[in-house]
Amino acid sequence: MAEENQNDNINEHERLSDELESRRSNLARIIEYGIDPWGGRFKSSATTADLHSDYDGSTKEQLEEKKVSVAIAGRLIAYRKHGKAAFADIIDSTGKIQLFFRFNELNEQPAGDGANLWDLLDTLNLGDWVGASGVLMKTRTDELTVRVAEWRILGKALRPLPEKYHGLKDKELRYRYRYLDLIANPEIREVFRARTEVIKTIRSVLDERGYMEVETPALHKIAGGAAARPFVTHHNALDIDIYLRISLELHLKRLMIGGFERVYEIGRIFRNEGMDRDHNPEFTMLEAYEAFGNLDTMMELVETMCRTACERVRGETVTKFRDHEIDFGPAFRRADYAELVREYTGVDINESRDRNTLLKACKDKELDVDDNATVGQLIDELFDELVQPDLIQPTFVVNYPVELSPLARKHPEREGFVQRFELFVCGHEIANAFTELNDPVDQRARFEEQQKMRAAGDDEAHPVDEDFLNAIEHGMPPAGGVGMGVDRLVMLVTGSHSIRDVIFFPMMR
RNA sequence: AGGCCGUUAGCUCAGUCGGUAGAGCACCGGACUUUUAAUCCGGGUGUCGUGGGUUCGAUUCCCACACGGCCUACCA
């Protein structure tokens, strides 16, 4: 009895729907004909986009005259059979083209053992990869079409495509099975093309300025360079816990110490924190360091990268993001951190950083703060909650409080501030830059200060990194450095609502 | 972590005031040699997210859970 049930369950589970069965039986037929259903090398003469750009303008008569032979490969997305003629639409990475099959031209072309190229059409299913060659023609409705003389199966699809008219709408399925999203929703392909274009832009701007692209370790013994909780893993051979990097900063600085004066890395960063429309546990960061540069150097760099990326993706410097129209065209606004805090809260951190005053200011604004919060945390809270959401057009906020910036150089004139800016757009942090701290004595003092904050319960305070201190004690050139969130820039220039829309395979439970 | 919403065929979605469900596309069979969301004729393919409760009977009502979406919170 129990055994019988078990068998029933297995059968139930393994039973294929009619559709899957029919695809498998088509596969079996192809194999019976002695044809390899998985294809091989196929030399296309052009992409579908090439064909359209070269021949859409030709008339039916001109094409008949010219007899243009082409070979084209793609995925079958539509098939319309009319007795002894058939039309198919195939897509490649550049677009779509129609194929036209006629009985007269194909039924005497052998295809494997005992079949011909016309019969073989019956083994096709939507989703299959096919390659076809023939001459270009125009149909009655003036559509550019390949009149197929020969065709091959290049890869069988054993599962059906998402519905052709409504596409794939379920967001979970779109994120989880991105390959189906890309097939069904052509507009999402443009978002990812834009992503690549943004990264190419970043590279070209930096390469033009003589920067060298480098790679540094993703596995760190100390997760530093930012304030964030890391992912922990274990190295078996060494029997030590190690961390996935939370920033690129400290290794790039080591390279400057080593004499590479302009370096950058576009790399994956991992932060073990919350997930929402602006945060994915792994994301892409650009960090660039320029010896003998400073904050102004970095502002010019960031401005150029943002503006150029927007222009290359959109053809103009304006983009739309979450109901705001953003213009990267004009010189970005510059605003003083303390000035903004004073403007929005009435508290002047230039005058005093009294903890009680700051605590009261937070409470007055009904901000939810811990009574034991440090001065830095309180200032940060005021800025993040009150000022930041209001920074819509690109704004460089300059001169940060020293408490928040253990790796930035102190301001030469203003006590308690460092030479740092963050770029905000639509209330989001896009970039963060310093005139880098290259004084090893001060760096040690800053780390020790962070250590006290850590001891006081701030588990994101920067750990003391002796190996890094050793490095800069050998002499680090004065430098400007910047970190930029690539995903967020892509969101802005593509108008994407969620970071998941610009990451191919976002984190899913 | 909280609030709201969702989970039904491969996909997009209906629906059952409690009697195990139906459309389009896809798929199968047939007709058709210029169609293009082809058309016409015929065919419904399902663990109604999972587990429990109430009930003669649950896909439907109740509870819990899972997964997801949106929003809020958290997260420099």
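Each chain gets a letter, A, B and so on, in the order its sequence line appears, and its residues count up from 1.
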Roughly how many Å is it from CD in A:Glu21 to P in B:A9, rounded to a whole number?
18 Å

Polar contact flag, side-chain donor to acceptor under 3.5 angstrom, A:Arg420-A:Asn399
no

Counting only side-chain nitrogens and oxygens, does A:Ser22 get under 4.0 Å of the OP1 or OP2 atom of B:C27?
no

Kindly list each side-chain donor-acceptor pair under 3.5 angstrom involving residues 61-68 of chain A, sequence neighbours excluded, with atom names and distances?
unit_1  : atom_1 : unit_2  : atom_2 : d
A:Gln62 : OE1    : A:Thr59 : N      : 2.7
A:Gln62 : OE1    : A:Thr59 : OG1    : 3.4
A:Lys67 : NZ     : A:Glu64 : O      : 3.4

Is A:Arg80 near enough to B:U39 that one of its side-chain N or O atoms lies under 4.0 angstrom from OP1 or OP2?
no

Does A:Arg102 have a side-chain nitrogen or oxygen under 4.0 Å from the phosphate oxygens OP1 or OP2 of B:U34?
no

Does A:Arg140 reach a base, just sugar-phosphate, or nothing at all? Heavy atoms under 4.0 Å.
base

On RNA chain B, compare the nucleotides closest to A:Gly83 and A:Pro406; which residue's is nearer the 5' end?
A:Gly83

Any side-chain donor near an acceptor of the partner, A:Asp92 and A:Thr47, under 3.5 Å:
no

Taking the C1' atom in each of B:G22 and B:U59, what is the distance between them to the nearest angstrom?
14 Å

Quick note, A:Asp380 side chain, CB onward, closest among B:A76, B:C28, B:C74 is B:A76

Relative to the 5' end of RNA chain B, which residue comes earlier, A:Glu460 or A:Arg147, by the nucleotide with the nearest heavy atom?
A:Arg147

d(CD1, A:Ile183; C1', B:C25) in whole Å:
16 Å

Examine A:Tyr243 together with A:Phe231 and report whether their ring centres are nearer than 6.0 Å.
no

Nucleotide opposite B:G44 in a Watson-Crick or G-U pair, distances under 3.5 Å
none

Using atom C1' of each nucleotide, how far apart are B:C11 and B:A26 to the nearest Å?
8 Å

Looking at B:U39, which nucleotide sits across from it as a Watson-Crick or G-U wobble partner, both distances under 3.5 angstrom, or is there none?
B:A31

Pairwise C1' distance for B:A58 and B:C17, with rounding to whole Å:
14 Å

Categorize A:Arg420 for me: base, sugar-phosphate, or nothing, with a 4.0 angstrom heavy-atom threshold over every strand shown.
base

For nucleotides B:U47 and B:G29, find the distance between their C1' atoms and express it as a whole number of Å.
29 Å

Please write out the pairs of protein N or O atoms and N or O atoms of nucleotides 10-14 of chain B separated by less than 3.5 Å, giving the distance to one decimal.
unit_1 : atom_1 : unit_2   : atom_2 : d
B:C11  : O2'    : A:Glu163 : N      : 3.2
B:C11  : O2'    : A:Gly167 : O      : 3.0
B:U12  : OP1    : A:Lys169 : N      : 3.2
B:U12  : OP1    : A:Asp170 : N      : 3.1

Assign A:Arg277 to base, sugar-phosphate, or nothing according to its heavy-atom contacts below 4.0 angstrom with the strands shown.
sugar-phosphate

Look at A:Lys452 together with A:Glu449 and state whether they make a salt bridge at an N to O cut-off of under 4.0 Å.
yes

Does A:Lys253 come within less than 4.0 Å of A:Glu436, counting only side-chain N to carboxylate O?
yes

Proximal nucleotide (of B:C67, B:U34, B:C75) relative to the A:Arg509 side chain:
B:C67

Testing B:A76, B:U33, B:U34 for proximity to the side chain of A:Asn104, the answer is B:U33

B:G2 to B:C62 separation - C1' atoms, rounded to the nearest Å
23 Å

Which part of the nucleic acid, if any, lies within reach of A:Glu422 when heavy atoms closer than 4.0 Å are counted: base, sugar-phosphate only, or nothing?
nothing

Under-4.0 Å side-chain N/O to phosphate OP1/OP2 contact, A:Lys164 with B:A26:
yes

Mind calculating the distance between CG (A:Leu407) and P (B:A76) to the nearest angstrom?
15 Å

Tell me what A:Arg176 touches on the nucleic acid: a base, only sugar-phosphate, or nothing, going by heavy atoms under 4.0 Å.
sugar-phosphate

Between A:Phe383 and A:Tyr337, is the gap from one ring center to the other below 6.0 Å?
yes

Can we say A:Arg268 and A:Glu282 salt-bridge, meaning some charged N sits less than 4.0 Å from an Asp/Glu carboxylate O?
yes

C1' spacing across the pair B:G44 / B:A23, given as an integer number of angstrom
11 Å

Between B:U55 and B:G49, how many Å separate the two C1' atoms, rounded to a whole number?
23 Å

Suppose we call a contact any N or O donor and acceptor under 3.5 Å apart; does that hold for the side chain of A:Glu172 and the base of B:U7?
no

Heavy atoms under 4.0 Å, any strand shown: does A:His497 hit a base, just sugar-phosphate, or nothing?
sugar-phosphate

Checking N1-N3 plus N6-O4 or O6-N4 for Watson-Crick, or N1-O2 and O6-N3 for wobble, each under 3.5 Å, the partner of B:C4 is B:G69

Selected nucleotide, minimal atom distance to A:His82 side chain, candidates B:A38, B:C28, B:A73:
B:A38

Between B:C75 and B:A37, how many Å separate the two C1' atoms, rounded to a whole number?
46 Å

Would you say the side-chain atoms of A:Asn280 pair up with the backbone N or O of A:Phe283, donor to acceptor, closer than 3.5 Å?
no

Any chance CZ of A:Phe192 has more than 12 other-residue heavy atoms, nucleotides or ligands included, within less than 6.0 Å?
yes

